[in-house]
Trainee: 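Below are the structure tokens for one structure; questions will follow.
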Protein chains: 2
Amino acid sequence: MKIGELARLAGTNVETIRYYERDGLLPIPSRSEGNYRIYGETHVQRLSFIRRCRSLDMTLDEIRVLLHFKESPQENCADVNRLLDRHIGHVAQRMQELQELERQLNDLRERCGEARDAAHCGILDSLSQAIAPSGKTASHVLGAHGHAANRRLAKGYQGNQG
Amino acid sequence: MKIGELARLAGTNVETIRYYERDGLLPIPSRSEGNYRIYGETHVQRLSFIRRCRSLDMTLDEIRVLLHFKESPQENCADVNRLLDRHIGHVAQRMQELQELERQLNDLRERCGEARDAAHCGILDSLSQAIAPSGKTASHVLGAHGHAANRRLAKGYQGNQG
DNA sequence: CTTGACTCTGTAGTCACTCAAGGGTTTCTA
DNA sequence: TAGAAACCCTTGAGTGACTACAGAGTCAAG
């Protein structure tokens with residue numbers, strides 16, 4: 001099958017597949033006469049595995065480890081357990097952070113129940129003063145907006161809120 | 001004061017300040033004879049405001065809106081309320097996703113209580129099969145576009161579903 | 001033979017920073 | 001007063017996991 005069909009079967013889009021290939025997550029496929037990538041059932045399996053892991057918010061590096069174990073069935077899978085435990089820890093931690101965040105935001109929201117002019121907006125007022133700081137992210141699980149910058153915090157950035 | 005002191009006072013690091021300047025969040029400061037940036041109290045205020053908003057996981061674009069309102073005190077602050085409501089919505093949604101995620105991960109973890117060889121690892125087994133969707137498709141917008149969807153939230157991007 | 005769907009490579013953009021190279025300036029110390 | 005250390009400057013590249021686009025080639029159907 002060609003890349004479009006693989007994409008449909010695995011629920012990915014085409015660029016992502018090529019990206020995974022470049023990144024070494026998918027093996028380099030054979031090519032047709034016209035230089036099209038040709039895939040088989042094993043590719044569908046592997047790509048689906050990757051997408052399933054991604055849907056659990058695992059990083060590509062974590063997935064790389066799992067793929068390694070899938071391919072070395074004789075090895076002890078304690079590392080798989082450890083990886084998952086760590087990941088569960090990340091998720092739990094991020095949830096706590098988000099709960100605290102939600103609390104602060106609702107707090108903030110209550111300060112300006114109805115529209116007035118910005119000069120008397122309780123929200124802007126509060127943001128202009130110090131808010132009790134919450135320890136910043138230390139997990140790779142995405143923040144409220146799910147963008148990748150949060151992950152930088154996961155990699156050893158130790159916050160600096162004094 | 002010079003950039004280093006501003007950084008200390010606001011609990012940021014120096015590169016971040018220069019980044020905010022490039023990005024238009026901080027006004028261009030005056031310079032010393034030796035071409036050093038020179039800041040005053042207003043810069044401390046503004047930078048602290050930005051960092052406080054960032055600690056609430058707001059995007060720089062959201063913060064830009066808030067800064068605008070801080071500088072136009074006569075305007076009605078209904079937009080501030082709307083912005084915050086939307087942001088609270090993002091956080092709430094992300095929390096729900098993480099709760100579902102946590103459930104799935106714990107599920108998964110239970111399948112391999114102790115270390116064996118990878119060939120019989122229940123975790124790898126499960127990841128190799130479809131995971132019961134349990135209605136996640138509706139809220140998680142999963143499969144192909146799950147994570148792009150998060151990014152869309154951040155910018156109001158109207159998806160393409162090609 | 002053309003149209004349109006699909007595919008190819010390569011490059012750049014996203015977000016919010018962070019880091020490093022290679023230099024200049026200022027301040028402290030001997 | 002010399003020199004070292006600490007600070008600052010600009011520029012450019014890197015992060016994660018993609019997404020988007022340009023400009024070209026391939027292929028099947030009408």
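Note that the structure is a prediction, hence the values are computed from the model and not measured. Below, chains carry the letters A, B, ... as their sequence lines are ordered, and counting in each starts from 1.
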Trainee: Specify the separation, in whole Å, of atom CD of A:Glu21 and atom P of C:dT9.
Mentor: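 Nearest whole value for this atom pair: 8 Å.
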Trainee: Using a 3.5 Å cut-off and no angle test, enumerate the donor-acceptor pairs between side-chain atoms of residues 1-9 of chain B and protein atoms at least two apart in sequence or in another chain.
Mentor:
none

Trainee: Which whole-number value in Å describes the distance from A:Asn13 CG to C:dC6 C1'?
Mentor: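 These atoms are roughly 14 Å apart.
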Trainee: Between protein and nucleic acid, restricted to nucleotides 1-4 of chain D and to nitrogen or oxygen atoms under 3.5 Å apart, what atom pairs and distances do you find?
Mentor:
none

Trainee: A:Arg18 near the nucleic acid: base, sugar-phosphate alone, or nothing, with a heavy-atom cut-off under 4.0 Å?
Mentor: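 Answer is base: heavy atoms of A:Arg18 come under 4.0 Å of a base.
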Trainee: So if you build clusters from Ile, Leu, Val, Met, Phe, Trp, Tyr with side-chain heavy-atom gaps below 4.5 Å, do A:Tyr36 and A:Leu47 land together?
Mentor: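 Different hydrophobic clusters.
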Trainee: What I'd like to find out is whether the side chain of A:Leu26 reaches to under 4.5 Å of the side chain of A:Ile50, using heavy atoms alone.
Mentor: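 When only atoms from C-beta onward are counted, A:Ile50 and A:Leu26 do touch, with a gap below 4.5 Å.
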Trainee: Heavy-atom nearest nucleotide on DNA chain C for A:Tyr39 versus A:Arg22: which residue maps closer to 5'?
Mentor: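 Looking at the nearest nucleotide for each, A:Tyr39 comes out on the 5' side.
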Trainee: Under 4.0 Å from OP1 or OP2 of D:dC9: is there any side-chain N or O of B:Arg37 that close?
Mentor: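 Answer is yes, contact under 4.0 Å.
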Trainee: CG of B:Asp23 versus P of C:dT18: gap in Å, rounded?
Mentor: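 In whole Å, C:dT18 P and B:Asp23 CG are 14 Å from each other.
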Trainee: Does the side chain of A:Val65 come within less than 4.5 Å of A:His68's, by heavy atoms?
Mentor: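 In short, these two side chains do not touch, never coming nearer than 4.5 Å.
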Trainee: Side chains of B:Leu84 and B:Glu62: does their closest heavy-atom pair fall under 4.5 Å?
Mentor: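 They are not in side-chain contact.
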Trainee: Phosphate oxygens OP1/OP2 of C:dC17: is one of them under 4.0 Å from a side-chain N or O of B:Arg51?
Mentor: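 Affirmative; the distance criterion is met.
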Trainee: Pick out the pairs of N or O atoms, protein on one side and nucleotides 27-30 of chain D on the other, that lie under 3.5 Å.
Mentor:
{"from": "D:dC27", "atom 1": "OP1", "to": "A:Gly34", "atom 2": "N", "distance (Å)": "3.4"}

Trainee: Select one nucleotide: of D:dT19, C:dC17, C:dC8, the one nearest the side-chain heavy atoms of A:Thr16.
Mentor: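 My answer, after comparing the listed nucleotides, is D:dT19.
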Trainee: In whole Å, I'd like the distance from the CG atom of A:Leu25 to the P atom of D:dA17.
Mentor: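 These atoms are roughly 9 Å apart.
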Trainee: Considering only distance and modelled atom types, tabulate donor-acceptor pairs under 3.5 Å from the side chains of residues 17-25 of chain A, sequence neighbours left out.
Mentor:
{"from": "A:Tyr20", "atom 1": "OH", "to": "A:Arg51", "atom 2": "NH1", "distance (Å)": "2.6"}
{"from": "A:Glu21", "atom 1": "OE1", "to": "A:Arg37", "atom 2": "NE", "distance (Å)": "2.7"}
{"from": "A:Asp23", "atom 1": "OD2", "to": "A:Arg64", "atom 2": "NH2", "distance (Å)": "3.2"}

Trainee: Rounded to the nearest 0.5 Å, what separation is found between the CZ atom of B:Arg46 and the CG atom of B:Leu67?
Mentor: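 The CG atom of B:Leu67 is 4.5 Å from CZ of B:Arg46, to the nearest 0.5 Å.
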Trainee: Between B:Tyr19 (OH) and C:dA16 (P), how many Å, whole number?
Mentor: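 For the pair B:Tyr19 OH and C:dA16 P, the rounded distance is 6 Å.
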Trainee: Roughly, in whole Å, what's the span from CG in A:Leu26 to P in D:dA17?
Mentor: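 From A:Leu26 CG to D:dA17 P: 14 Å.
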Trainee: Going from OG on B:Ser32 to CD1 on B:Ile38, what distance comes out if it is rounded to the nearest 0.5 angstrom?
Mentor: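 Going from OG on B:Ser32 over to CD1 on B:Ile38, the span is 4.5 Å.
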Trainee: Does A:Glu41 have any side chain to side chain contact (heavy atoms under 4.5 Å, CB included) partners at least two apart in sequence or in another chain, and if so, which?
Mentor: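 For A:Glu41, the residues satisfying side chain to side chain contact (heavy atoms under 4.5 Å, CB included) (neighbours in sequence not counted) are A:Val44, A:Gln45.
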Trainee: In whole Å, what is the span from the OH atom of A:Tyr20 to the P atom of D:dC18?
Mentor: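 To the nearest whole Å, that distance equals 3 Å.
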Trainee: Nearest whole angstrom, please: distance from the P of C:dT26 to the CE of B:Met1.
Mentor: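 Going from CE in B:Met1 over to P in C:dT26 covers 18 Å.
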